[in-house]
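Notes for the one structure printed next.
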Number of protein chains: 2
Amino acid sequence: MDQPSYARIAADLRAKIVRGDLAPGVRLPARHELADEYRAAEGVVRQATEVLVREGMLVSRPGAGMFVRQRPQRRSLVRSWFRERQAGSPFAQQMEEQGRHGTWAYRSDTMQAPPEVRERLGLAVPDGDQHDVMRTAYVFTSADDEQPWMLSTSWEPLSLTKGTSIAFPEGGPHAGKGVTHRMAVVGVDVDAWDEEVWARTATREEAQQLGIGAGSIVMVAERSYFAGERVVEVADIVVPAESTKLVYNGPVGDS
Amino acid sequence: MDQPSYARIAADLRAKIVRGDLAPGVRLPARHELADEYRAAEGVVRQATEVLVREGMLVSRPGAGMFVRQRPQRRSLVRSWFRERQAGSPFAQQMEEQGRHGTWAYRSDTMQAPPEVRERLGLAVPDGDQHDVMRTAYVFTSADDEQPWMLSTSWEPLSLTKGTSIAFPEGGPHAGKGVTHRMAVVGVDVDAWDEEVWARTATREEAQQLGIGAGSIVMVAERSYFAGERVVEVADIVVPAESTKLVYNGPVGDS
DNA sequence: TCGAATTTGTGCGTATGTATC
DNA sequence: GGATACATACGCACAAATTCG
C-alpha cells in the first residue's frame, strides 16, 4: 500500500489505455462495476477516473459513460522558424504553410490598457479614463472539426497607430498583413520578438470558448514585438495543452 | 444554484485571495470550520480547496493546514536568445547570466532507447537488447531555496560518442561544456535546434522530485539538436508551470 | 521527550439531481 | 417514460503528519 488505492486504480487503467488494452473510443465499465472489479468503494473509483479525466486520458459524458479519449494528434503551432521563413507573417499564411485551414473571428476596440498590458508596452499612466490602446481579440476555428482551438488578444498603443491606415489591424488597406508589414507603414521597424510561455488551468470562459473541460490545462504565450528597445505590440495566445504543442527553433552559432 | 456549491465556495475563496483579504502565507480555517461557515458538508469544502490547490492558489500541508500560496515570482528559463549570446552554452553559464545559482545532480547510463526516443533520434531498430544511447538524467536545484525546480533528461546516440572522450556528458575533459562544443570534438557540427513545448499534469514521481502537489501542472520542452538533417541529441525538460516561464526570442527579418 | 489535540488525506456508504440512451 | 450513468452532496471513520503544551 505504498500509494493510495485510487492512485493504484488510476495507474492500472492508465496502463491498460497506453497498452491499447482499452482502445480509444471504448466505453469503460460503469463506476459500480469498476468498484466491484477493483474491490473498492465507488467513491474511490471516482477519484481514480477524475485523475484520468484531468490527464486527458478519459472523457466523461454524464448519463452515457466514461470513454477512452480519441487522441487527436497534437497540433503543432510553430512560433518561430529561422530556416523556412521569417517570423511575423500573418496567421492565415502560417496556417497554410502547415497545411491547415481555418477561419477566425475578431473584434477590435479602443480601450484603456489594463495595468499589466500598460507595463508590458511601457505606456505612461493615462489621464483619467482616456483610451490608449487598440485591443483586438481573435477566436481561431479549425476547418477540420469546426472547433475553436486558439484564443488570441493583441494590444497596440494608439500613440503609434491612431489616425493612420493601420489603426484597425483587421481593417483598411493593410488588413491581415502581419505586425511587421503594418508597422512599417507608419515607419516603425519591428526587428525582434520575445515570447514567454507558461501554463495554467483554463478560466471558465476560456474552457467554454475552447470546448474543453473546466479546469483543463491551457498554455499561454505572451509575445512582445520590439522596434529597437521599444515594445510596439503585445499579443497573448491561449491554447489547450491537451491538443497543442508550441514549436520553436533556431540556429546554433559559435561565432 | 447555477454553479455547483463547491465551485461557488472555490470562487469565494479565490476572490478573497486575489483581493488580498486572505494574505499570502495565511492559514485557512480548517475544513470543518469552513464547512460550518459556508453551511456545506466537509466533503464539499474539500472539493473546493482541491480546485484551488490545483490552481496553485493554495498549498496544503497534511497535519498543518491549508495556506495561501506565497507567489514566488516566476523563474524565467531562457531557451533561446539571439541577441545576448549564442545558444548551446551549458546550464551553469545560463543560470549565472540570469543571476542565479544552483547545483545539479546527474546520472549517466547506457541503455536501449525507448521507442519515442529512438524515433526522435532516427535510430535503427536495435538488435536484441543492445544498448544504443547514453541517457543522462539531471535534477537541478536552486541555491536560493534548495528546492529542485527542473528535471532534464538527455539522450545521445552511442553510435556518435561510444569510445570517445565525450561519451559521458558530465565526465572527461569536455565535461559540462554543452552539446555544441562536445559534439565538435567528434567532428559533428551542431547547427540548429528545435523545441516542442506542451503542458500536462505531473507524474507522481515528478511531483515528488519537484516538491509540488500531485497533479500539479508541469511544462515539458522537448529539444532536438541537429547537425544538418541529423538529430544528434534530444533533451527533455520538465519544470513546474506554477513557478517557471519559458522564454524564447528571435529576430524579425523581412528580406 | 512524549503525548494529546488538530488537520489533512483517504476510504466507505448513501442519497439525490440530471443527462443520456 | 424508464433505465442507466455520471455529478454532486452529505456524513462518518481512520491513518498519518504536524503542532504544541
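Not measured: the values here are computed from a predicted model. A, B, ... follow the sequence lines: proteins, then strands. Residue 1 opens every chain.
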Enclosure of B:Q208 CD (heavy-atom neighbours >12, cutoff 6.0 Å): no
So the contacted stretch of DNA chain C, first to last nucleotide with an atom under 4.0 Å from a non-hydrogen atom of chain A, runs from C:dT10 to C:dC21
Once you round it to whole Å, what is the distance between [atom2] of [N] and [atom1] of [X]?
{"X": "A:L28", "N": "D:dT4", "atom1": "CG", "atom2": "P", "answer": "19 Å"}
{"X": "B:R31", "N": "D:dA15", "atom1": "CZ", "atom2": "P", "answer": "16 Å"}
{"X": "B:Y6", "N": "D:dA9", "atom1": "OH", "atom2": "P", "answer": "7 Å"}
{"X": "B:R46", "N": "D:dA13", "atom1": "CZ", "atom2": "C1'", "answer": "15 Å"}
{"X": "A:E33", "N": "D:dA3", "atom1": "CD", "atom2": "C1'", "answer": "14 Å"}
{"X": "A:E42", "N": "D:dT8", "atom1": "CD", "atom2": "C1'", "answer": "13 Å"}
{"X": "A:L58", "N": "D:dC6", "atom1": "CG", "atom2": "C1'", "answer": "13 Å"}
{"X": "B:M66", "N": "D:dA17", "atom1": "CE", "atom2": "P", "answer": "18 Å"}

Quiz prompt | Any B:S5 side-chain nitrogen or oxygen under 4.0 Å from OP1 or OP2 of D:dA9 | solution =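 Yes, within the criterion.
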Q.
Assuming nearest nucleotide by heavy-atom distance, tell me which of A:A7 and B:P29 is located more 5' along DNA chain C.
A.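 Its nearest nucleotide lies further toward 5', so the answer is B:P29.
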**Prompt:** Do A:R61's NZ or CZ and the ring of A:F67 fall within the cation-pi criteria of under 6.0 Å and 45°?
**Reply:** yes
Would A:R223 and A:W193 count as a cation-pi pair here, with the cationic atom under 6.0 angstrom from the ring centre and within 45° of the axis? yes
Residue list, salt bridge (charged side-chain N to carboxylate O under 4.0 Å, His left out) with B:R19, at least two apart or on another chain: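 B:R19 satisfies salt bridge (charged side-chain N to carboxylate O under 4.0 Å, His left out) with B:D21 only.
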- Query: With distance as the sole criterion, is a donor-acceptor pair present between the side chains of B:Y225 and B:D194 under 3.5 Å?
  - Reply: no
Is it true that the side chains of B:Y248 and A:E196 contain a donor and an acceptor less than 3.5 Å apart?
no
Any base atoms under 4.0 Å from A:R61, or only sugar-phosphate, or nothing? Heavy atoms, all strands.
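Sugar-phosphate contact only - A:R61 comes under 4.0 Å of backbone atoms but never of a base.
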Students often get this wrong, so: under 4.0 angstrom with heavy atoms, is A:G43 touching a base, only sugar-phosphate, or nothing?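 No contact.
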Between A:T49 and B:P62, the residue closer to the 5' end of DNA chain D by nearest nucleotide is A:T49
task: With B:V218 as reference, evaluate B:T244, B:L210, B:I237, B:V239 under the side chain to side chain contact (heavy atoms under 4.5 Å, CB included) test and give the passing residue.
output: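 Of the listed options, the one satisfying the test is B:L210.
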The nucleotide from D:dC10, D:dC6, D:dT19 with an atom nearest the side chain of B:A41 is D:dC10
